[in-house]
Peer 1: 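Quick one: this structure, given as structure tokens, is what I'll be asking you about.
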Protein chains: 2
Amino acid sequence: MSSFVFTVGADALALRWPDGSVSTCPYVWLRDNCPSVLHPQTRERMFDLLSIPPDPRPRHVALADGLLVVTWAGEEHVSRFPLDWLARHRPGTRPADPADIPRVPWKGDFRIPRHDAAAILSDDGALAAWMADLARSGLAIVGGVADEVGAGSALAERIGFLRRTNFGITFEVVSRPDPNNLAYTAEHLPLHTDLPNQEIPPGFQFLHCLANAAEGGESMFADGIAIAEDLRAADPEAFRLLCTVPIPFRFHDAEADIAVHRPVLTPDDAGGIREIRYNAHIAGTFDMPAQLMADYYRAYRAFMTRTRQDRFVLSLRLAPGDMVAFDNRRTLHGRGRFHPNTGFRHLHGCYVDRGEFESRLRLLARHRPA
Amino acid sequence: MSSFVFTVGADALALRWPDGSVSTCPYVWLRDNCPSVLHPQTRERMFDLLSIPPDPRPRHVALADGLLVVTWAGEEHVSRFPLDWLARHRPGTRPADPADIPRVPWKGDFRIPRHDAAAILSDDGALAAWMADLARSGLAIVGGVADEVGAGSALAERIGFLRRTNFGITFEVVSRPDPNNLAYTAEHLPLHTDLPNQEIPPGFQFLHCLANAAEGGESMFADGIAIAEDLRAADPEAFRLLCTVPIPFRFHDAEADIAVHRPVLTPDDAGGIREIRYNAHIAGTFDMPAQLMADYYRAYRAFMTRTRQDRFVLSLRLAPGDMVAFDNRRTLHGRGRFHPNTGFRHLHGCYVDRGEFESRLRLLARHRPA
């Protein structure tokens, strides 16, 4: 660390690191992050920001024993910052996060990664590899799942606890005599995301195929991010409307009436797409101003049109023992109409939310061999 | 309905209602909402928007038997709209929603509404009245709760199923020898919202007081909306920074590592505030650009300062048998330091999310006598 240099400025300390990079550390930020402020057991912040003046200034700054030692003016307080903490925390950059796995868009020719149920159940490395594929592509298949209800959700629970919804903690996708949802019929289900009518639609979805003997019922998938980015490039105004105009989504039956207004596309801080809500069969009656409607319908149709194009859509037939897992806020899923009189079709489904998913990635990274 | 008049325009039908108001119904919107498109059982939309041309036009429009009958040009299709449907669905306005109860801001002199546990358990009207107070004020107390663990969460479950988090489905607020969270110590807990480190912090929180014999430990509450609106009026730039600059929130222990970047204030579509994330003890190290920090800290301190002012904060001592319920994304809560050697203090807590809350309001409104 011989070439580490600090410069005491008017409002901030400038640090020059051995690799030549510079970080700027405002004094108020340094004072707020004095390492002495964490609760010894909970590691939560005990410091009261209002206990110090709004503009703390250093009286003395020194480098000693690998620590940056700041003695504050006007108060009896000394802060000792480990250099590796300062190297990890540089204003203007987010610290590395093992849950931050870049998404790679895919199209209709995507080869879905396959993983093995037994390995995921017994080995954290196999779990991490499956989750990394899910984070990257938003779609993966697990083979060799035991032929029993609960075998699929046991795999999902390796990631985190299940997200309960008005359909329960788990759900059975079968054709029912008295359906409250198109999934529970034998109808064609166009590509969609589940539960866009929720404040936060479920993060990841898991569908374990227990039986698929009926004619028809092939599964279809498309990467909503690839579709949205294609639309952004081809028609920026349509993309903008889908990002900004809230539309109503609603599900209601005897037990629930869950509704929100949200845009189809929700951007993230970095200019990408945080989540997609696309589900033509539970979209409500559009209620934007009349003068917006012609343009909005054009934009919506432009997105919808892409969900029917072979360049974006892949289809496959799930076999008993397969479980498909996908990012429900990114990957659109659907199925062809099937013929319940020709055989039984049964998927067992559940959800795990994004928060639990990311938490597990961080925990797995703690124990990963370097 | 004698003075109902429709005018066939180039792109839209104009409707003049008996009260003189006018609604504009673009043809593409009318065609998309033809009442024949709903699944008979699920009431979900079966219509494929791409099955019609992008610009449908009427060949003939007539009023017959209280229905607006539109015969479409170029396709063999007739749509029959009930007038009351058209009256409820007017482009540019959202249909009335029983869950949309206006929030009324309050300050430190607020008299918290009280409700009765037995009534809520047995009577839907009492349940609706309690929920209306919670929606309006974000804070209410239920008295007469049975002296047993689970009596409070049974009241919460009258609203909807409980939100599970990394702390469980329910949680016990007691001083513990090995806490993973400041709530589980005897420390002073400054005003905060719970779990801002989650993608969606829990909607409503319920704390049932089973014992409160320790010295200290008074409960404190403040209306985060009142504070935010006061800040908006006094310092619009500070308000803007709190609405737009994401800051890190993180909780991590042996079992979980849950983190997001989000602004303290999340605006809603109408210019109000959808949710507040304010929790100084699990805010992480700020990582916005250095040149933003001085202004951001000033804005953050301006919010924080208000959370200490008597004009905003009320305090009270919960008695055994009381349950406090509050909107966790609006109402800040805290407690004074208590002295565990002087007596036992025990709160039993749980959460119900906003989606379930609003769903229950809609279901209750279905059965309400007119």
Side-chain angles (χ1 to χ4, degrees), chain A residues 11-12 24-26 28-29 32-33 39 41-42 44-46 49-50 54 89 91-95 97 161 164 166 178-182 185 198-200 246 252 256-259 261 269 280-283 285-290 293-294 297-298 301 304-305 308 353-355 358-359 362-363, chain B residues 11-12 24-26 28-29 32-33 39 41-46 49-50 54 89 91-95 97 161 164 166 178-182 185 198-200 246 256-259 261 269 280-283 285-290 293-294 297-298 301 304-305 308 353-355 358-359 362-363:
Chain A
D11 304 312
T24 303
C25 304
V28 62
W29 176 82
D32 185 34
N33 287 290
H39 188 278
Q41 289 164 305
T42 71
E44 289 175 3
R45 179 187 292 268
M46 298 288 286
L49 185 63
L50 296 186
H89 294 86
T93 64
R94 296 188 178 178
D97 178 355
F161 61 80
R164 180 170 175 178
N166 57 301
D178 188 20
N180 63 351
N181 182 299
L182 280 185
T185 68
Q198 300 264 358
E199 272 208 288
I200 281 282
H252 55 300
D257 189 342
I258 302 176
H261 278 77
D269 297 333
H281 53 276
I282 67 170
T285 296
F286 291 170
D287 53 13
M288 69 282 288
M293 278 194 183
Y297 269 102
R298 255 192 297 278
R301 285 176 69 109
M304 186 178 263
T305 298
R308 312 281 174 91
D353 260 333
R354 202 178 272 184
E358 293 182 351
S359 174
R362 294 185 190 108
L363 292 173
Chain B
D11 304 312
T24 303
C25 304
V28 63
W29 177 82
D32 186 35
N33 289 289
H39 188 277
Q41 289 164 304
T42 70
R43 298 159 80 188
E44 290 175 2
R45 178 187 292 268
M46 298 289 286
L49 185 62
L50 296 187
H89 293 87
T93 64
R94 295 187 179 179
D97 178 357
F161 61 79
R164 180 170 175 178
N166 56 301
D178 187 21
N180 63 350
N181 183 297
L182 279 185
T185 68
Q198 300 263 358
E199 272 207 287
I200 281 281
D257 188 342
I258 302 175
H261 278 77
D269 297 334
H281 53 277
I282 67 169
T285 295
F286 291 171
D287 52 13
M288 68 282 287
M293 277 192 183
Y297 270 101
R298 255 192 297 277
R301 286 177 70 110
M304 186 178 263
T305 298
R308 312 279 174 92
D353 260 333
R354 200 177 273 183
E358 293 183 350
S359 173
R362 295 186 188 107
L363 293 173

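To find a chain, count down the sequence lines: A is the first, B the second, and so on, and within it residues start at 1.
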Peer 1: Most heavy-atom pairs under 4.5 angstrom with chain B, which of A/V28, A/T285, A/I200, A/I258?
Peer 2: A/T285

Peer 1: Which bit of A/P246 is near chain B, if near means a heavy-atom gap under 4.5 Å: side chain, backbone, both or neither?
Peer 2: side chain

Peer 1: Would you say the side chain of A/R94 lies within less than 4.5 Å of the side chain of B/H261, judging by non-hydrogen atoms?
Peer 2: yes

Peer 1: Within the distance-only criterion (no hydrogens, no angle test), does the side chain of B/W29 pair as donor or acceptor with the backbone N or O of A/F286 below 3.5 angstrom?
Peer 2: yes

Peer 1: Using a cut-off of under 4.5 Å for heavy-atom pairs, which of B/A256, B/P95, B/G355, B/A283 has the most such pairs with chain A?
Peer 2: B/A256

Peer 1: Measure B/M288 against the heavy atoms of chain A and call it side chain, backbone, both or neither at under 4.5 Å.
Peer 2: backbone

Peer 1: Pick one of side chain, backbone, both or neither for A/T93, based on which atoms fall under 4.5 Å of a heavy atom in chain B.
Peer 2: backbone

Peer 1: What part of B/A12 is in contact with chain A, defined as an atom under 4.5 angstrom from a non-hydrogen atom: side chain, backbone, both or neither?
Peer 2: neither

Peer 1: For B/N180, is it the side chain, the backbone, both, or neither that has a heavy atom closer than 4.5 Å to a heavy atom of chain A?
Peer 2: backbone

Peer 1: So for A/P26, is it side chain, backbone, both, or neither that comes closer than 4.5 Å to the heavy atoms of chain B?
Peer 2: side chain

Peer 1: Shortest non-hydrogen contact from A/M293 to B/P91?
Peer 2: CE-CB, 3.6 Å

Peer 1: What part of A/L49 is in contact with chain B, defined as an atom under 4.5 angstrom from a non-hydrogen atom: side chain, backbone, both or neither?
Peer 2: both

Peer 1: Using non-hydrogen atoms and a 4.5 Å limit, figure out which bit of A/T185 sits close to chain B: side chain, backbone, both or neither.
Peer 2: side chain

Peer 1: Chain B: which of A/D353, A/N33, A/L50 shares the most heavy-atom pairs with it under 4.5 Å?
Peer 2: A/L50

Peer 1: What part of B/N166 gets within 4.5 angstrom of chain A, counting heavy atoms only: side chain, backbone, both, or neither?
Peer 2: backbone

